[in-house]
Number of protein chains: 2
Amino acid sequence: MRDVAEGAGVSVATVSLVVNNKKDARIGAGTRKRVLETIRELGYRPNALAKNLVSGSSRFIGLVADAIATTPFAGQIIHGAQDEAWKHGFVLLVANTEGDEPVEKDAISMMLEHKVRGILYSTWFHRPTQIPAALQETDFVLVNCFSPDSDALAVVPDEVHGGREATDILVRKGHRRIAFINATIPAPAKDGRLQGYREALESAGIAFDPHLVFDAYPDQEGGYGAVEELLKRDVTAVFCYNDRMAMGLYDGLKQEGLSIPDDMAVVGFDNQEVIAAHMRPPLSTVALPHYELGAAGVRLLLGVDEPAGSPVLKLECPPVERDSVGPITLTGSRLL
Amino acid sequence: MRDVAEGAGVSVATVSLVVNNKKDARIGAGTRKRVLETIRELGYRPNALAKNLVSGSSRFIGLVADAIATTPFAGQIIHGAQDEAWKHGFVLLVANTEGDEPVEKDAISMMLEHKVRGILYSTWFHRPTQIPAALQETDFVLVNCFSPDSDALAVVPDEVHGGREATDILVRKGHRRIAFINATIPAPAKDGRLQGYREALESAGIAFDPHLVFDAYPDQEGGYGAVEELLKRDVTAVFCYNDRMAMGLYDGLKQEGLSIPDDMAVVGFDNQEVIAAHMRPPLSTVALPHYELGAAGVRLLLGVDEPAGSPVLKLECPPVERDSVGPITLTGSRLL
DNA sequence: GTGAAAGCGCTAACAT
DNA sequence: ATGTTAGCGCTTTCAC
């Protein structure tokens, strides 16, 4: 910067003024041009480190994630956070903790030392979490998780709404005997989606039948294994806890010689692109708003979004209709 | 820091020495203890910004990616890079460009302004690339891509080796008529895997038959659509360009009433966990070393690994054997 | 063993 | 309209 000042025959202050083009400081048109030229000639770049030091805080936003690798989900959160941060002139500092506490502590320390504007603390699946002590030293928002015993800002998917949407896809096509294969694993998703399922049935005037709900491990094998039980239920449609279960279910159904959606309508949950969009037939499902989770997280952090009412913001899970759900057909329905 | 110095009744210089526990500077045991205590009491954290300003360069490593979101792959690269960087006391600065040139330029500028130690420039699938001009201003390593017309450091998967491994899985089980469904899209992977396939056949003393190689679009639909052609070939095994094709192929095969691996052995490529590990039967495939790509990238960048010979380091693609390949059976093989 | 002081590159009063 | 100067929090000679 000093070099530029000398080169252009001005002071460093002047250079600073034109670089940041400060409004209130009037710089002579000639001077400005001269400075700009010198900058180009010298290939000068401002030193963000020094800039931040002066201002006392950086343009960093920290993102600590418990599992960058395991799923595509974390990637989406990072992506959303990164885009939104960028939009406001911030950069993402990413740390992966793999759920390891000491690592997490180090990661947060490091971010604090870099005087981050704030920290996004994210988990790869929606769940309650403890807030690490060090987090309190700065602004933070929980992403895809929440603290049951604090009023920390958080943003999570609206599981109930998602469950309702998923069920509605089926209801709208005329299905009335709709099974729900829930997960065996306790989670906000398990309870929320079930509640959404019940709400959707109720709105449609369909009585809730507990025999139509059963549990399975939420992966392909779980879905495959659920087929036998399912076929005892005399249903025309199934709502699966997630896409992976739906994938296994497809296999089982096909093996029984059943066709989708004619013999059985299927909807999943998660909208895992690699899977859902390319199954045969493509799977109707409900999307988990991971990208939006990340983006909303930084908006909350930066205060551009205000938390309305509750400190935990719930994001909608939009339905994604593909071809695994059709109307009940006379020929197809095993019930007729 | 000044507060700590005052609190402990020493100078800031002493505090600095204690904090970084410098070897050569002898600090009285009592003084050290006193300083450490004061630090704890005051909850002091060193300011990384200031530290970096003095040292002139930061402990940042930049990672610019063209697609964080699209696939789980990018996530793995980030993860590997992050772990390795962390190991050496560096932090990852992540930028997603979505392939947009201006964004990419900004991202690199920002990293340069933050005086990063170097930049990892990564793409989500293995391909040739142009080196953005600004990159040259710092140390950089190409990850999952390479520059045909420069000797820039790069680290990429060894496609030929991968193709050989995939084919070998089949060969080892006694298969001799092995089809290869290649991609329609030009890429290092297309050429490399084909070459690997040929090499593996040759090593096994199997004559290469061009009729056993054909092209399809590298996704589920492509795999499904390839079934008809495939069944004309009188083969007992197929090597698919990627797991997604294998997934579609499964559907097609099952629809024909064929069973895997008894009627047809299948191997994929990529080892996309969500898919491969949970297909029925679980898919034998070859893993793309994304995590290692990221990790090796930072090692190359930091100079802990030296490029041996060529500036482009090729990483092995390890085979992952599951259950989609069995020995040729008398009952199963359609040829007998 | 420990302190004083210079300086990293920049910004923001305050002068001129 | 532009220059001077005092720090931002830290490291690092060099004295004592």
Side-chain angles (χ1 to χ4, degrees), chain A residues 1-39 42-60 89 109-117 137-138, chain B residues 1-39 42-60 89 109-117 137-138:
Chain A
M1 178 155 178
R2 213 179 33 227
D3 296 345
V4 175
E6 277 172 19
V10 297
S11 76
V12 291
T14 308
V15 177
S16 172
L17 293 180
V18 337
V19 167
N20 304 305
N21 46 132
K22 287 281 178 192
K23 268 321 207 185
D24 47 346
R26 295 102 21 148
I27 301 289
T31 315
R32 150 167 281 115
K33 190 155 155 288
R34 200 144 30 86
V35 173
L36 257 17
E37 252 163 33
T38 320
I39 287 181
L42 269 48
Y44 162 83
R45 283 189 193 280
N47 182 329
L49 266 28
K51 195 181 280 196
N52 289 334
L53 176 56
V54 171
S55 72
S57 93
S58 70
R59 303 295 287 181
F60 293 130
S109 286
M110 168 252 114
M111 287 174 178
L112 257 18
E113 290 173 13
H114 280 95
K115 296 278 175 284
V116 292
R117 176 52 235 283
E137 291 183 42
T138 183
Chain B
M1 177 153 178
R2 210 175 39 219
D3 295 345
V4 175
E6 276 172 19
V10 297
S11 75
V12 293
T14 308
V15 177
S16 172
L17 293 179
V18 171
V19 168
N20 304 304
N21 49 119
K22 286 282 178 192
K23 267 326 211 185
D24 46 347
R26 296 102 23 144
I27 302 288
T31 315
R32 149 168 283 116
K33 192 158 152 285
R34 201 147 25 87
V35 172
L36 257 17
E37 252 163 33
T38 321
I39 288 182
L42 271 48
Y44 162 82
R45 285 189 192 281
N47 181 328
L49 266 29
K51 195 180 278 195
N52 289 335
L53 174 56
V54 171
S55 72
S57 94
S58 71
R59 303 294 288 182
F60 293 130
S109 286
M110 168 251 112
M111 288 174 177
L112 258 17
E113 291 175 12
H114 280 93
K115 297 278 175 286
V116 293
R117 176 51 236 283
E137 291 184 42
T138 183

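We name chains A, B, ... by the order of the sequence lines, and we start the count at 1 in each one.
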Below 4.0 Å: OP1/OP2 of D/dC8 and any side-chain N or O of A/K115: no

Closest nucleotide among D/dC10, D/dG3, C/dC10 to the A/T14 side chain: D/dG3

Distance in Å, A/L112 CG paired with B/N47 CG, rounded so as to fall on 0.5 Å steps: 11.0 Å

Rounded interatomic separation in angstrom, taking CG from B/L17 and P from D/dC10: 13 Å

Nearest-Å distance for atom pair CG/C1', residues B/N47 and D/dT11: 13 Å

Nearest-Å distance for atom pair CG/C1', residues A/L112 and D/dG9: 16 Å

Proximal nucleotide (of C/dA4, C/dG9, D/dC10) relative to the B/A50 side chain: D/dC10

Closest non-hydrogen atom pair, B/R59 against B/N52: N-OD1, 4.0 Å

Main-chain N/O of B/H114 paired to B/S58 side chain as donor or acceptor, under 3.5 Å: yes

For residues 1-8 of chain A, dump all side-chain donor-acceptor pairs below 3.5 Å to protein atoms at least two apart in sequence or in another chain.
none

Sugar-phosphate only, base, or nothing, as touched by B/G28 at under 4.0 Å among non-hydrogen atoms: sugar-phosphate

Integer-rounded Å distance: C/dT2 P and B/M1 CE: 15 Å

Sugar-phosphate, base or nothing in reach of A/G30, heavy atoms under 4.0 Å: nothing

For atom CD1 of A/I27 and atom P of D/dG3, their distance in whole Å: 9 Å

Along DNA chain D (nearest heavy atom to each residue), the more 5'-positioned of B/V12 and A/A13: A/A13

Salt-bridge criterion met for B/K51 and A/E113 (N-O under 4.0 Å): no

Phosphate-side-chain proximity, A/T31 and D/dT2, N/O vs OP1/OP2 below 4.0 Å: yes

Closest listed nucleotide, where the reference is the side chain of B/R26 and the choices are C/dG1, C/dA5, C/dT11: C/dG1

Degree of bending in the helix from C/dG1-D/dC16 to C/dT16-D/dA1 once both end axes are built from five pairs, to 10°: 40°

Options C/dA12, C/dG7, C/dT11, nucleotide nearest the side-chain atoms of B/V54: C/dG7

Below 4.0 Å: OP1/OP2 of D/dT11 and any side-chain N or O of B/K22: no

Between CG on residue A/N20 and CG on residue A/L17, distance to nearest 0.5 Å: 7.5 Å

Gap between atoms CG and P, on A/N52 and C/dT11 respectively (whole Å): 10 Å

B/S16 side chain near D/dT11 phosphate (N/O to OP1/OP2, under 4.0 Å): yes

Donor-acceptor contact present, side-chain B/T38 to main-chain B/R34, <3.5 Å: yes

For atom CZ of A/R2 and atom C1' of C/dT11, their distance in whole Å: 16 Å

Minimum-distance pair of heavy atoms, taken over all atoms of A/L49 and B/K115: CD2-CB, 3.9 Å

Proximal nucleotide (of D/dG9, D/dC10, C/dA4) relative to the B/L53 side chain: D/dG9

side-chain N/O B/S11 vs C/dT2 OP1/OP2, d < 4.0 Å: no

Atom pair distance, as rounded to whole Å: CZ in A/R32 and P in D/dT2: 9 Å

Phosphate contact (D/dT11 OP1 or OP2) by B/N20 side-chain N/O below 4.0 Å: yes

